[in-house]
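Everything below concerns the one structure shown next.
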Number of protein chains: 2
Amino acid sequence: MSTVFPKPTHDHGRCVDDAMAEAERACREGGARLTPQRRQVLAIVLESHQPIGAYDVLARMNAAGGRTAPITVYRALDFLMTQGLVHRLASRIAFIACSLPDRHETGGGGGQNAQGDGAQFLICGDCGTVAEMTDRRIETAIRERARTAGFIVSAPVVEVEGTCPNCAGASDG
Amino acid sequence: MSTVFPKPTHDHGRCVDDAMAEAERACREGGARLTPQRRQVLAIVLESHQPIGAYDVLARMNAAGGRTAPITVYRALDFLMTQGLVHRLASRIAFIACSLPDRHETGGGGGQNAQGDGAQFLICGDCGTVAEMTDRRIETAIRERARTAGFIVSAPVVEVEGTCPNCAGASDG
DNA sequence: CAACAATTTGTTATGTTGTAACATTTACGC
DNA sequence: GCGTAAATGTTACAACATAACAAATTGTTG
Ligand SMILES: [Zn+2]
Ligand SMILES: [Zn+2]
Ligand SMILES: [Zn+2]
Ligand SMILES: [Zn+2]
């Protein structure tokens, strides 16, 4: 099986470091400014593979006595979404770090990828872990069905609730 | 092309009446109580083929000087969603009347269909009109891809933003 | 009908998510 | 340095949703 779900045993420290490095590179290349604050927000969102609410991000930023305002977090998240580094999960009203940043066109390019830019998400209802994927067949099925309805697709939102392999294995052996 | 989008010329009065009658029947059959208030909320949601916010429903209920509270609307909407008569569009934070009520299992049965119960939605970014459909191929593509990831699907959310045939025709002839 | 239980509705207050508007600071090109 | 654009700070508010408990309504049963 293709491995979309992060294994609980994976080296998450390295996972985060790699993602941060990739983000730095992508922003530098695209002429976007990954400021310390934006970097901090990205780091917080990267911290786990579960979606996190904007106000939870805020709480972590202010954990050490800061006085950051909500709008600051939203602005950083907007920036990160434009760069394709973070996605918003509408069904959870929360944000998740992109795990396939090189598969999205960044803000300067063609489309606005705030809603996932063609990615699909599997969201575990038990542990909250999210798997991001870009499945051609799903996308094609949606686009073709839309076409028969005379509908021109711009931003497909596919967010699938269910049970991840780790949680399924834990309950039914 | 299969006709999923409501045509601007369709007899909407009858469209609403039929849906109300079908709702009455479905509730009676399932032993659910479609009270006057719930009927009123359903009527408001049915009024157009665009998603409507809970507070907009509230405003219409209070238009004639009423003093209904938000919770009342949410309770009615919850009931209607349980009955499969209304769906919540997460990407819009709004509600839409079901246009295929007989395709969903109602509350008493197996699944909770609050998120659309396997339906997919095409949402026009121009006019807001929504088309609901239950496309087997989309569902299958999602389920099979999930399966290869070891993921057990419970509630797929598919909400596709784009341009409907009416709006597309208006701009490019 | 009377008494009771279950469902529905009312009332009040509060929690959660997201933005508007405008001032100030910081980074960048010249 | 200086002017401009981008980013951040500050305050206030809008929009979406639920908690907790009281009252009324409905259905059931003797
Ligand atoms: Zn990781
Ligand atoms: Zn899980
Ligand atoms: Zn109609
Ligand atoms: Zn349209």
Side-chain angles (χ1 to χ4, degrees), chain A residues 23-24 27-28 30-42 44-45 51-62 64-83 85-96 106-108 114-115 128 159, chain B residues 23 27-28 30-42 44-45 50-62 64-83 85-96 106-108 114-115 128 159:
Chain A
E24 299 272 7
C27 286
R28 195 168 310 260
R33 285 154 65 179
L34 187 57
T35 64
Q37 218 167 44
R38 290 165 173 175
R39 199 177 290 114
Q40 184 188 8
V41 169
L42 178 57
I44 290 170
V45 177
I52 182 172
Y55 277 74
D56 293 329
V57 173
L58 180 62
R60 297 207 187 181
M61 291 182 76
N62 287 340
R67 44 180 71 255
T68 301
I71 185 73
T72 299
V73 173
Y74 282 102
R75 288 200 275 229
L77 289 171
D78 282 348
F79 168 85
L80 294 168
M81 285 193 291
T82 303
Q83 301 305 312
L85 298 171
V86 162
H87 301 296
R88 182 173 193 277
L89 297 182
S91 65
R92 287 296 184 105
I93 317 179
F95 301 84
I96 186 87
T106 55
Q115 292 297 336
E159 301 177 10
Chain B
C27 286
R28 193 167 312 258
R33 287 154 64 180
L34 187 57
T35 64
Q37 217 167 45
R38 291 164 172 176
R39 200 177 289 114
Q40 184 188 8
V41 169
L42 178 57
I44 290 170
V45 177
Q50 284 116 40
I52 183 173
Y55 275 72
D56 292 330
V57 174
L58 180 62
R60 295 207 188 182
M61 291 182 75
N62 287 338
R67 43 182 71 254
T68 302
I71 185 73
T72 300
V73 173
Y74 282 102
R75 286 199 277 228
L77 289 171
D78 282 348
F79 168 85
L80 295 169
M81 285 192 292
T82 303
Q83 301 304 313
L85 299 171
V86 162
H87 302 296
R88 182 173 194 276
L89 297 183
S91 65
R92 287 295 184 105
I93 317 179
F95 301 84
I96 186 88
T106 55
Q115 292 298 335
E159 302 176 10

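The analysis underlying the following values was restricted to heavy atoms, covering all of them including side chains, and did not include hydrogens, waters or symmetry mates. Lettering of chains follows the sequences in order, A, B, ..., and the numbering in each one begins at 1.
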(request) On DNA chain C, reading 5' to 3', which nucleotide is the first and which the last to sit with an atom under 4.0 Å from a heavy atom of chain A, could you check? (result) C:dT17 to C:dA27
(request) Starting at CZ of A:F95, measure out to CG of A:L77 and round the result to the nearest 0.5 Å. (result) 5.0 Å
(message) As an exercise, state the distance from CG of B:L34 to CD of B:Q40, rounded to the nearest 0.5 Å.
(response) 11.5 Å
(message) Five pairs per end, C1' atoms only: what is the angle between the end axes of the helix from C:dC1-D:dG30 to C:dC30-D:dG1, to 10 degrees?
(response) 30°
(request) Please name all residues satisfying side-chain contact (heavy atoms from CB on, under 4.5 Å) with B:I93, sequence neighbours left out, ordered by chain then number. (result) B:R88
(request) Report yes or no: does A:E159 contribute a side-chain atom to a donor-acceptor pair with the main-chain N or O of A:A90 at less than 3.5 Å? (result) yes
(message) Is it the case that the side chain of B:R38 and the backbone of B:R33 share a donor-acceptor pair, with hydrogens and angles ignored and the cut-off at 3.5 Å?
(response) yes
(message) The criterion is salt bridge (charged side-chain N to carboxylate O under 4.0 Å, His left out); which residues satisfy it with A:R39, sequence neighbours excluded?
(response) A:E24
(message) Looking at every non-hydrogen atom in both residues, tell me the closest pair between A:V57 and A:I44 and how far apart they are.
(response) O-CD1, 4.0 Å
(request) Could you tell me which non-hydrogen atom of B:A54 sits nearest to which non-hydrogen atom of B:V73, and how far apart they are? (result) O-CG1, 3.6 Å
(request) For each nucleotide in nucleotides 7-21 of chain D, reading 5' to 3', give B when a protein heavy atom comes within less than 4.0 Å of its base, S when such contact involves only the sugar-phosphate, and - otherwise. (result) SBBBB----BBB---
(request) Decide yes or no for B:F79 and B:T82: does some side-chain heavy atom of the first lie under 4.5 Å from some side-chain heavy atom of the second? (result) no
(message) Run the side chain to side chain donor-acceptor pair (under 3.5 Å) test against A:N62 and tell me which residues pass, sequence neighbours left out.
(response) A:T68
